[in-house]
Amino acid sequence: ADKATLKNMGESVFLVQCAQCHGVSGDGINGVAQNLTKWGSEAGIEDAIINGSEGMEYPLGMMSKAADLGIDNNTAKAIAAYVAKEVSAIKSTKNENLVSQGREAFGVCASCHGEDGKGMDGSAPDLTKYGSSEFVKEVLNRGKAGSIGVMPSFTDGRLSEVQKQAVGEFISSLAE
Ligand code: HEC
Ligand code: HEC
């Protein structure tokens, strides 16, 4: 199936399996669940750096928030620009002028995600997949008990592999 077909299938899956928590438009219903119009984008990366992330049970555990890693908000923005443009599946940035500063500051991230961002053989998330259906599939297979709330895993056969990919394509299309 091509991307457009998958996206349509994904929207149907989303309305049945996800919208009760994430909202019909994916906005997270005022903080009940992750706002998927932002997650998966450059702003989502910046948010993850500033607030940290936990609950997906990677071997490295949780990702500390920026302040605890000694990263200020301007540096977080620059790193997000670099990761969005040159590491993730997003492949573009709204802050081109910050990319080289972000590249230089990425070392603190590389200690867990690896120089290439691929997550060191599953120790941490593979950032090259961030912004793609592959990353969403990984979230669906793991679930997430984080600072917002509990996202169930979808490993009980409720969704086929194709449906997971489809809903991943749909979500990737929501992030601006
Ligand atoms: C101490 C190890 C560690 C460091 C340092 C670290 N991360 Fe992470 N990162 C993780 C782990 C583990 C996760 C998965 C957390 C979870 O379970 O939600 C993660 C998750 C992420 C995510 C996905 C968040 C989401 O919403 O799914 C992004 C994006 C990310 N990291 C980017 C970065 C960037 C950019 C840096 C550098 C500023 C960085 N990380 C530094 C370990 C780390
Ligand atoms: C029972 C409520 C619930 C359902 C159903 C649900 N989610 Fe979630 N989801 C959440 C919550 C809560 C979070 C935020 C977890 C956290 O970070 O604290 C979340 C987070 C996410 C994230 C971001 C993960 C990350 O790495 O930060 C994605 C992507 C996602 N959900 C996709 C989906 C999809 C796709 C479906 C349907 C197949 C779905 N969710 C169904 C509650 C739900």
Side-chain angles (χ1 to χ4, degrees), residues 10-23 26 28-29 31-73 75-84 86-90 102-103 105-114 117 119-120 122-156 158-160 163-172 174-175:
E11 182 164 17
S12 312
V13 173
F14 184 82
L15 291 173
V16 177
Q17 302 282 355
C18 324
Q20 72 267 35
C21 295
H22 288 281
I29 323 180
V32 172
Q34 183 64 258
N35 179 349
L36 300 175
T37 67
K38 188 173 166 196
W39 185 86
S41 70
E42 179 170 354
I45 299 172
E46 189 179 342
D47 184 71
I49 299 171
I50 288 174
N51 297 311
S53 185
E54 64 182 319
M56 290 196 285
E57 310 289 342
Y58 280 89
L60 278 170
M62 67 182 284
M63 171 165 140
S64 317
K65 54 178 187 285
D68 295 338
L69 292 171
I71 299 170
D72 63 29
N73 285 359
T75 309
K77 201 180 195 62
I79 296 174
Y82 165 67
V83 172
E86 292 189 4
V87 181
S88 77
I90 300 168
R103 186 185 300 114
F106 186 74
V108 61
C109 320
S111 63
C112 292
H113 292 281
M120 308 201 294
S123 303
D126 180 348
L127 299 180
T128 67
K129 293 183 175 161
Y130 189 89
S132 76
S133 62
E134 293 301 307
F135 200 101
V136 177
K137 268 170 84 171
E138 190 69 27
V139 174
L140 294 179
N141 289 334
R142 288 177 173 275
K144 182 175 188 191
S147 57
I148 301 172
V150 177
M151 156 93 186
S153 70
F154 285 80
T155 47
D156 58 2
R158 247 179 306 173
L159 295 180
S160 68
Q163 286 176 313
K164 286 178 191 171
Q165 196 194 340
V167 78
E169 292 294 345
F170 174 67
I171 286 173
S172 305
L174 293 177

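In listed order, ligands and their atoms are each counted from 1. Start at 1 with the first residue, then count along the sequence.
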Check your understanding: Counting both backbone and side chain atoms, is some N or O of Leu159 under 3.5 Å from an N or O of ligand 2?
Key -> no
Check your understanding: Around atom 8 (Fe) of ligand 1, how many protein N/O/S atoms fall inside 2.8 Å?
Key -> 2
**Study point:** Heavy atom of the protein closest to atom 5 (C) of ligand 1 (residue, atom name, distance)
**Key:** Val108 O, 3.3 Å
Check your understanding: Going by distance only, is there an N or O of Gly55 that falls short of 3.5 Å from an N or O of ligand 1?
Key -> yes
Review point. Mind checking what makes salt bridge (Lys or Arg N to Asp or Glu O under 4.0 Å) contact with Lys129, not counting sequence neighbours?
Key: none
Review point. Hey, is Leu140 touching ligand 2 through its side chain, its backbone, both or neither, going by heavy atoms under 4.0 Å?
Key: side chain
Exercise for review: Among all protein heavy atoms, pick the one closest to atom 25 (C) of ligand 1 and tell me residue, atom and distance.
Suggested key: Trp39 NE1, 3.5 Å
**Study point:** Side chain, backbone, both or neither: Phe154 near ligand 2, heavy atoms under 4.0 Å
**Key:** side chain
Review point. Of all residues at least two apart in sequence or in a different chain, which pass the salt bridge (Lys or Arg N to Asp or Glu O under 4.0 Å) check with Glu11?
Key: none
Exercise for review: Say whether Glu54 and ligand 2 are in contact under the criterion: heavy-atom distance to a ligand atom below 4.0 Å.
Suggested key: no
Exercise for review: Verify whether one side chain among Ser53 and Lys144 offers a donor that lies under 3.5 Å from an acceptor in the other.
Suggested key: yes
Exercise for review: Apply the side-chain contact (heavy atoms from CB on, under 4.5 Å) test between Ile45 and each candidate in Ile79, Ile90, Val87; give the one that qualifies.
Suggested key: Ile90
Check your understanding: When the ring planes of Tyr130 and Phe135 are compared, do they come out parallel, tilted or perpendicular, using 30° and 60° as the limits?
Key -> perpendicular
Check your understanding: Which protein N, O or S atoms lie under 2.8 Å from atom 8 (Fe) of ligand 2, given by chain and residue number?
Key -> His22 NE2, Met151 SD
Check your understanding: Any nitrogen or oxygen of Gln20, main chain or side chain, under 3.5 Å from a nitrogen or oxygen of ligand 2?
Key -> no
Review point. Within 45° of the ring axis of Phe154 and under 6.0 Å from its six-membered ring centre, is that where the NZ or CZ of Arg142 lies?
Key: no
Review point. Considering only heavy atoms, which of Met56, Glu46, Lys65, Arg142 lies nearest to atom 27 (O) of ligand 1?
Key: Met56
Exercise for review: Nearest heavy atom to atom 12 (C) of ligand 1 wins, so pick from Gly61, Ala80, Ser64.
Suggested key: Gly61
Check your understanding: Can a cation-pi geometry be assigned to Arg103 and Phe106, taking NZ or CZ under 6.0 Å from the six-membered ring centre and within 45° of the ring axis?
Key -> no
Review point. Gly146 near ligand 1, heavy-atom distance under 4.0 Å?
Key: no
Check your understanding: For ligand 2, is any non-hydrogen atom under 4.0 Å from Ile171's backbone (N, CA, C, O), its side chain (CB onward), both, or neither?
Key -> side chain
**Study point:** Top protein contact for atom 23 (C) of ligand 1, by heavy-atom distance
**Key:** Phe135 CZ, 3.9 Å
Review point. Against heavy atoms of Gln17, which atoms of ligand 2 measure under 4.0 Å?
Key: 5 (C), 37 (C), 38 (C), 41 (C)
